[in-house]
Amino acid sequence: MQFDMLLEEIISKSNLHLAYDRVVGNKGAAGVDNIGFSDFSEQVQTEWLLIKSQLEQGKYRPKAVKRVKIPKSNGGIRLLGIPTYMDRLIQQAISQVLVKLYDPDFSENSYGFRAAKNAHQALEKAKEYINAGYSHVVDLDLEQFFDRVNHDYLMNELSKNIDDKRVLKLIHSILRADIEDDGKLVHCKQGVPQGGPLSPLLSNIILDKLDKELERRGHRFVRYADDCSIYVKSKRAGDRVMESISAYLEKELKLKVNVEKSVVTRPWLTRLLGFTFYHKKGSKGITVHRKSIVIYKDKIRGITCRRKPSTMEDRMMQIRQLNQGWGNYFKLSDAKTVFGELDEWVRSRVRLCYWVQWRQVKTRVKQLEKLGVKPYQAYQWGNTRKGYWRTVHSPILTRSLNNAFLKKQGLLSLKEIVAPKAVYV
DNA sequence: CTCGAGATCAC
RNA sequence: GUUGUGAUCUCGAG
């Protein structure tokens with residue numbers, strides 16, 4: 001499986017067309033040349049022939065990547081390297097061809113960045129291992145994996161399968177592209193740019209070596225990008241594996257293992273792909289990690305924030321949209337009780353939100369006065385402004401806020417999304 | 001099946 | 001302002 005004409009396949013019309021559609025379709029931010037998706041077609045028309053000939057002669061040099069820092073959910077900072085649209089097009093074109101070459105040979109236990117593979121399959125596999133008695137887990141954490149990839153090692157690996165020297169040279173120049181940070185150019189000596197379309201594939205090409213080594217040693221493991229969990233039967237075996245695999249990674253793959261974050265523990269103490277494992281009264285399963293629930297609650301709090309002026313319909317729409325997104329995610333969980341509690345929590349937030357709609361409360365009060373009912377308690381709550389919704393018990397007001405009302409507003413509950421009724425067509 | 005708009009997650 | 005790959009869902013157009 002060696003291709004002499006790899007470059008020709010990369011810059012073939014059909015391949016480039018696919019790559020172009022993808023890159024423009026993403027509508028991502030512009031690179032250092034400030035050419036965004038609206039200007040890109042023009043740039044392609046004027047410059048492509050020149051760039052194509054440069055590629056064919058192996059003379060093309062990518063532009064610098066734009067350094068962007070984004071906060072991570074755990075408080076850290078993620079460094080992105082954003083190539084220009086043209087470089088993204090080229091990388092995407094390379095990626096599409098190399099995936100066909102490499103992906104079929106990747107390990108069964110590798111689930112990240114791969115077509116037709118997802119986190120749920122990884123979790124199912126992990127559950128299988130745990131149920132088979134592999135009750136300890138070696139959690140390997142690689143230190144800033146993307147930023148520390150060894151160029152020489154990677155190029156050496158690639159040259160084993162790729163014969164076309166121009167392609168190798170092109171990839172090497174992509175790896176070495178300068179980084180523009182605050183207007184200053186920095187040379188890149190190691191790492192793959194996080195944000196380049198080719199980077200995920202390159203990461204899998206490197207870590208496939210780890211997969212093959214683990215398989216050779218007969219380990220049960222699951223890998224999702226740089227997140228690798230090995231399942232063993234005892235703490236002692238785990239310590240031994242941790243020791244030898246760390247040594248292998250540093251010596252062979254030139255990668256550093258984060259000793260503080262790499263541990264050997266029990267499955268229910270780990271966080272794998274946003275989930276964790278539980279075993280209560282003999283029943284075992286997968287459930288969403290506490291952190292994820294906190295994130296979801298924060299999102300709901302944001303929508304039902306009292307300070308933010310927003311109509312009820314608008315909030316309902318936002319919650320509905322959020323719920324159908326999270327519903328999918330929660331579907332992967334085995335735990336049933338979590339949703340009920342979470343759903344009731346959301347509904348109470350919505351009720352609270354409704355109460356704070358001053359106009360609506362006032363008009364309701366007027367309606368009630370017309371009917372001859374004295375909405376004493378509702379009025380009092382409105383004046384004090386700091387009541388929990390439950391402190392108000394005016395029967396007429398609360399009746400309109402029950403579940404039927406929420407349903408009429410179109411707010412599907414989490415439970416309904418996670419376990420929808422069967423629909424017969 | 002393929003594209004659009006929106007959303008969620010993993011890394 | 002925030003890139004990328006992969007997965008998923010809702011709606012819409014063919």
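Note on naming: letters A, B, ... go to the chains in the order of the sequence lines (proteins, then strands), and numbering restarts at 1 for each one. All heavy atoms count here, side chains included; hydrogens, waters and symmetry mates do not.
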Would you classify [X] as touching base, sugar-phosphate or nothing, given that sugar-phosphate means primed atoms plus P, OP1 and OP2, and contacts are heavy atoms under 4.0 Å?
X      : answer
A/A115 : sugar-phosphate
A/Y329 : sugar-phosphate
A/I70  : base
A/K69  : nothing
A/A116 : sugar-phosphate
A/G196 : sugar-phosphate
A/R67  : nothing

Side-chain N or O of [X] versus OP1/OP2 of [N]: is the shortest distance under 4.0 Å?
X      : N      : value
A/Q92  : C/U5   : yes
A/R271 : B/dA10 : yes
A/K27  : B/dA5  : yes
A/R22  : C/U5   : yes
A/N26  : C/U5   : yes
A/R78  : C/U3   : no

I want to verify a distance call: between [options], whose nearest atom is closest to the [X] side chain?
X      : options             : value
A/S292 : C/U2, B/dA10, C/U5  : B/dA10
A/W326 : B/dC9, B/dC11, C/U3 : B/dC9
A/Q324 : B/dC9, C/U3, C/C9   : C/C9

When the distance from [atom1] of [X] to [atom2] of [N] is rounded to whole Å, what number comes out?
X      : N      : atom1 : atom2 : value
A/D21  : C/G4   : CG    : P     : 14 Å
A/L80  : B/dC11 : CG    : P     : 15 Å
A/D227 : C/U5   : CG    : C1'   : 16 Å
A/F146 : B/dA10 : CZ    : C1'   : 12 Å
A/N204 : B/dA10 : CG    : P     : 18 Å
A/L273 : C/U5   : CG    : C1'   : 15 Å
A/Y224 : C/G4   : OH    : P     : 17 Å
A/L198 : C/U3   : CG    : C1'   : 14 Å

Discussion item. Judged by each residue's nearest nucleotide on DNA chain B, which is more toward the 5′ side, A/Q321 or A/A119?
Written reply: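 Closest to the 5' end, via its nearest nucleotide, is A/Q321.
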Worksheet item: Between A/G25 and A/K299, which has a closest nucleotide on DNA chain B that is more 5'?
Response: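 Residue closer to the 5' terminus by nearest nucleotide: A/G25.
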Under a 3.5 Å threshold, yes or no: a donor from one side chain and an acceptor from the other, between [X] and [Y]?
X      : Y      : answer
A/R223 : A/S229 : no
A/T84  : A/D87  : yes
A/R220 : A/Y134 : yes
A/Y224 : A/N109 : no
A/S199 : A/Q194 : no

Fill in: Paired nucleotide for C/G4 [Watson-Crick or G-U wobble; both distances under 3.5 Å]
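Per the H-bond distance test, B/dC11.
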Item to complete: Please report the closest heavy-atom contact between A/V264 and A/G238, naming both atoms and the distance.
Response: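 Scanning both residues completely, I find the closest heavy atoms to be CG2-CA, 4.0 Å.
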Practice prompt. Identify, between A/N118 and A/V23, the residue whose nearest nucleotide on RNA chain C lies closer to the 5' end.
Written response: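 Whichever sits nearer the 5' end wins; that is A/V23.
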Discussion item. Can you confirm whether A/R88 sits close enough to A/Q91 that some side-chain heavy atom of one is under 4.5 Å from a side-chain heavy atom of the other?
Written reply: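 Not touching, per the 4.5 Å side-chain cut-off.
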